[in-house]
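Numbers restart at 1 for each chain; the letters A, B, ... are given by sequence-line order, proteins then strands. FYI, side chains are in, hydrogens and waters are out, and symmetry mates aren't considered; it's all heavy atoms of this structure.
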2 protein chains.
Amino acid sequence: MSVDCVIFGFDGVRLNVLIIEREQGGGVSALPGDLIRDDETLDDSANRVLYELTGLSDIYLKQLQAFGDPDRIKGLQDVQWLRNVREEPSARVITIAYYSLVNLQNFSPKAASFARDVRWEPVYDFAKLAFDHNKIVDKALEQLRLSLKYDPLIGFELLPKKFTLRQLQKLYEAVLNHSIDKRNFRKKFLSAKLLKPLNEKEQGVPHKPAQYYEFDRKRYMRIKDKFWF
Amino acid sequence: MSVDCVIFGFDGVRLNVLIIEREQGGGVSALPGDLIRDDETLDDSANRVLYELTGLSDIYLKQLQAFGDPDRIKGLQDVQWLRNVREEPSARVITIAYYSLVNLQNFSPKAASFARDVRWEPVYDFAKLAFDHNKIVDKALEQLRLSLKYDPLIGFELLPKKFTLRQLQKLYEAVLNHSIDKRNFRKKFLSAKLLKPLNEKEQGVPHKPAQYYEFDRKRYMRIKDKFWF
DNA sequence: AAAGTTAGTGTAAAAGATACACTTAGGCAA
DNA sequence: TTGCCTAAGTGTATCTTTTACACTAACTTT
């Protein structure tokens, strides 16, 4: 049994997914993942993979679902790679997929031992990945969209601690994949009072500087069941 | 690895969950489930469990999530039961939980080989189950509620093919666990045109007979992304 | 000083949600 | 056969939410 993580990162413009390139096996790309150890919970396992790959902990992480088609690891290149790294390369592997949200500002992925390279790929423009990992990414994106609609909190996981309304809007547009009216967007968040304005504005920008806000967690706790985007 | 199924059934008044009582192991109740076979997909496995237990196939069935705490099968009674039925009673078992929807009209559960008894339990009034099965039921109910809000289709899975508006409303009230205004409820479904009126009314009821409807799948396909309850 | 860029703001119209009470059709019992 | 019980079925007014839409303000660069 394994875990695989779909790690979403927002760079201010586009929604990205973290991809690793395998050390052995012809440069095929894949989601970060590993076999589950015998004494760890599923969540622990996903957190460990995340930590080993990125150095980050205390990150938003949520189980998506299990993928267990017996043929999911039977692709030609997949079999070759498994022969190199697994004791029982043809043993069936059910994987538990997780998705995770980070903001790209305070973040630098480092290549872990089992990977040659780590990089961000824009989520709407995607190469073929190993195993059934494309399917997993599709499902994760679908779930992310749904979650964003009924839980504003997860949006804030993708942003830095302080942010402008434009950043927040760009994030919604990137995830939902359509544009949104600026005035109506601002109205919605400001009237819900989910944002605390800070005594700080953008600096050095070649236009009117924007107000910084932070997320108001207390307020969120009170209204979370009523806020739908 | 195993699958466990939370099978919801609506009897016209209350939402129920199908529970089995173990043949060995002191009459502890549990969700229907079984080990996953080596050559079947996860969905196939859940369908098989469902078929073996209830004789039903072609039933709405959806993966909930995996539960994999290493200690989830370490309860005293659980260990005793496992010693009787498993080759490796202390081996770690990750379970993939499914939830399933049936209507109780054309349905009669039959006790399968591995169970002493099969029965419906009302979902809001629940005894202790084996392993972490109470947690699984809680999660399944939470998911069912959420799904019902953004996908009217799953409501119809719990009803007979023809039904009255009162039945539909009682279902929503049972799942969401609060009462709903009759006129507004009817307005919502009728104006969405999700219901096809049949040339048939209730018979033999001691009050004004209600119109029967059936679900309009074609219409549903067209509007499903816009209908939220 | 002019040009370029994004921030920030209000309103009117339409759609949707909410609250609320009486008449109708049938079965049953006195 | 009359009266009673029960759930079906229906409309409106008010409030809330959503939508569509365009200009001025503040800052940097040239």
- Message: Between P on dT10(D) and CZ on Phe189(B), what's the gap in Å once rounded to a whole number?
- Response: 17 Å

- Message: How many whole angstroms separate atom NE2 of His178(A) from atom P of dA20(D)?
- Response: 12 Å

- Using whole Å, report how far CZ of Phe185(B) lies from C1' of dA8(D). 14 Å

- Message: Once you measure the plane-to-plane angle for Tyr220(B) and Phe215(B), does it fall in the parallel (<30°), tilted (30-60°) or perpendicular (>60°) bin?
- Response: tilted

- Rounded to the nearest Å, what distance is computed from the CG atom of residue Leu195(B) to the C1' atom of nucleotide dG9(D)? 15 Å

- Item | Sugar-phosphate or base contact per nucleotide [nucleotides 21-30 of chain D; S, B, -; heavy atom under 4.0 Å] | BB--BBBS--

- Message: Run the salt bridge (Lys or Arg N to Asp or Glu O under 4.0 Å) test against Lys188(B) and tell me which residues pass, sequence neighbours left out.
- Response: none

- From CZ of Arg186(B) across to P of dA7(D) the rounded distance in Å is 14 Å

- Message: According to side chain to side chain contact (heavy atoms under 4.5 Å, CB included), who are the partners of Lys218(A), at least two apart in sequence or on a separate chain?
- Response: Asp216(A), Arg222(A)

- Query: Which is true for Gln211(A) with a 4.0 Å heavy-atom rule: it touches a base, it touches only sugar-phosphate, or it touches nothing?
  - Reply: sugar-phosphate

- Message: With heavy atoms of chain A within less than 4.0 Å as the criterion, where does contact along DNA chain C begin and end?
- Response: dG4(C) to dT11(C)

- Axis-to-axis angle for the helix from dA1(C)-dT30(D) to dA30(C)-dT1(D), ends of five pairs each, to 10°, equals 0°

- Fit a plane to each ring of Phe163(A) and Phe156(A), take the angle between them on a 0 to 90° scale, and name the class: parallel (under 30°), tilted (30 to 60°) or perpendicular (over 60°). tilted

- Task: Mind running a 4.0 Å heavy-atom check of residues 220-229 of chain B against DNA chain C and sending the residues that fall below it, in number order?
- Result: none

- Could you tell me how the ring of Trp228(A) sits relative to the ring of Tyr150(A): parallel (under 30°), tilted (30 to 60°) or perpendicular (over 60°)? tilted

- Provide, to the nearest angstrom, the distance between the CG atom belonging to Leu165(B) and the C1' atom belonging to dT10(D). 12 Å

